[in-house]
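Owing to the predicted nature of the structure, the values given are computational and were not obtained by experimental measurement. In this chain, numbering begins with 1 at the start of the sequence shown.
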Amino acid sequence: HSTAESHERIMVLEVMGRYAGWIAIYAGLAGGADVILIPEIPFKFDAVVAKVRQRVERGTLFSIIAISEGAKPAGGMQIFSRSGDEIYVPRLGGIGQALGEYIEKSGYETRVTVLGHLQRGGTPTPFDRWLATRYGAAAVRLAASGVFDRMVSLRSGNIIDISLEEALAVPKRVDVNGDAVVTARGIGISFGDE
């Protein structure tokens, strides 16, 4: 944030997320992003530039854009840095660079940073350490009892085990009408869709 402001430029930060925008929306809200782009809400390049332009016209010469690697333009497709084959799954990545180039061509100095796995490198909090210990202990108990088709999970503050089928049955996506999106829109954050 301070670098974007002091250098008066647009910062595009591409984060992990594949098909769910949880990391982008929470990081964007916590980090003061002006635009958050997630897979659940297709965006328009021109709408993103319009938000940047609006800020510049108000005298704010920088903007921060958090974009999930799985975000895609309206009517377009996700961008992959590597196609899949019989050994490797396709690797998402590059949407931040594509957006950065578009913004740059619109006349705004832009920098793109792909955080990727770097964002996993933070120092764990005491809660993180305690939760990891609980997960590990529960997984060892499952394995010791000969149960290998289940995973440990946190539900209502308790560590439980659930079947892999249950865990994968319904992917958890950002609710476009849910509190996180409504709150973000309410404080002026754009999702590039209007």
Side-chain angles (χ1 to χ4, degrees), residues 1-7 9-41 62-71 81 89 91-93 95-96 99-100 111-145 147-192:
H1 194 275
S2 59
T3 300
E5 185 173 11
S6 66
H7 292 277
R9 61 176 60 131
I10 313 309
M11 302 294 279
V12 177
L13 304 165
E14 183 178 314
V15 299
M16 294 184 301
R18 298 201 61 78
Y19 306 107
W22 295 109
I23 294 172
I25 196 164
Y26 288 146
L29 281 163
D34 306 294
V35 178
I36 300 172
L37 303 175
I38 60 176
E40 295 86 348
I41 303 174
F62 73 97
S63 293
I64 297 174
I65 301 169
I67 183 168
S68 172
E69 67 184 350
S81 63
V89 297
R91 180 182 296 161
L92 283 164
I95 188 65
L99 178 63
R111 296 291 186 274
V112 178
T113 300
V114 179
L115 292 174
H117 293 89
L118 177 65
Q119 67 199 52
R120 291 183 178 167
T123 304
T125 66
F127 176 83
D128 295 333
R129 291 175 191 273
W130 174 230
L131 183 59
T133 301
R134 293 171 67 201
Y135 277 146
V140 168
R141 287 192 300 270
L142 281 176
S145 64
V147 178
F148 297 103
D149 60 346
R150 301 183 69 76
M151 63 170 267
V152 294
S153 177
L154 181 67
R155 185 178 289 164
S156 301
N158 298 310
I159 301 293
I160 62 166
D161 63 276
I162 61 174
S163 70
L164 294 176
E165 293 79 24
E166 180 183 350
L168 299 173
V170 180
K172 186 176 178 188
R173 306 279 198 255
V174 173
D175 179 356
V176 298
N177 298 308
D179 182 64
V181 174
V182 170
T183 298
R185 288 189 194 277
I187 60 174
I189 295 173
S190 170
F191 285 87

Thr123 side chain reached by Asp128 side chain, heavy atoms, under 4.5 Å
no
Give, for atom CZ of Arg185 and atom OG of Ser190, the distance between the pair rounded to the nearest 0.5 Å.
7.5 Å
Val12 side chain reached by Thr113 side chain, heavy atoms, under 4.5 Å
no
Quick one: are Ile41 and Ile36 in side-chain contact, heavy atoms under 4.5 Å?
no
What's the spacing between Met16 CE and Ser68 OG if we round to 0.5 Å?
10.0 Å
Minimum-distance pair of heavy atoms, taken over all atoms of Ala66 and Gly28:
CB-CA, 4.0 Å
Is any side-chain heavy atom of Val181 closer than 4.5 Å to a side-chain heavy atom of Asp175?
no
When you measure from the side chain of Glu14 to the backbone of Val112, do you find a donor-acceptor pair of N or O atoms at a distance under 3.5 Å?
no
Output the distance between atom CD1 (Ile38) and atom CD1 (Ile67), rounded to the nearest 0.5 Å.
11.0 Å
Flag side-chain contact, heavy atom, 4.5 Å: Thr3 against Phe62
no
Please identify which of these residues, Val114, Ile23, Leu92, meets the side-chain contact (heavy atoms from CB on, under 4.5 Å) condition with Glu69.
Leu92
Asp161 vs Arg141 side-chain heavy atoms within contact, under 4.5 Å:
no
Side chain to side chain contact (heavy atoms under 4.5 Å, CB included) between Leu154 and Ile159: does it pass, once the steps are laid out?
CA-CA 5 Å; Leu154 181 67; Ile159 301 293; 4.0 Å; yes
Should the heavy atoms of other residues, nucleotides or ligands under 6.0 Å from CZ of Arg173 be counted, would the total exceed 12?
yes
Distance in Å, Ile189 CD1 paired with Thr183 OG1, rounded so as to fall on 0.5 Å steps
9.0 Å
Straight-line distance of Ser81 OG to Ile95 CD1, nearest 0.5 Å:
12.0 Å
Spacing of Arg150 atom CZ and Ile162 atom CD1 [to the nearest 0.5 Å]
7.5 Å
With Ile10 as reference, evaluate Ile65, Leu99, Ile64, Asp34 under the side-chain contact (heavy atoms from CB on, under 4.5 Å) test and give the passing residue.
Ile65
What's the shortest heavy-atom distance between Val176 and Glu40, and which atoms?
CG1-O, 3.7 Å
Do Tyr26 and Val15 have side chains that get closer than 4.5 Å, going by heavy atoms?
no
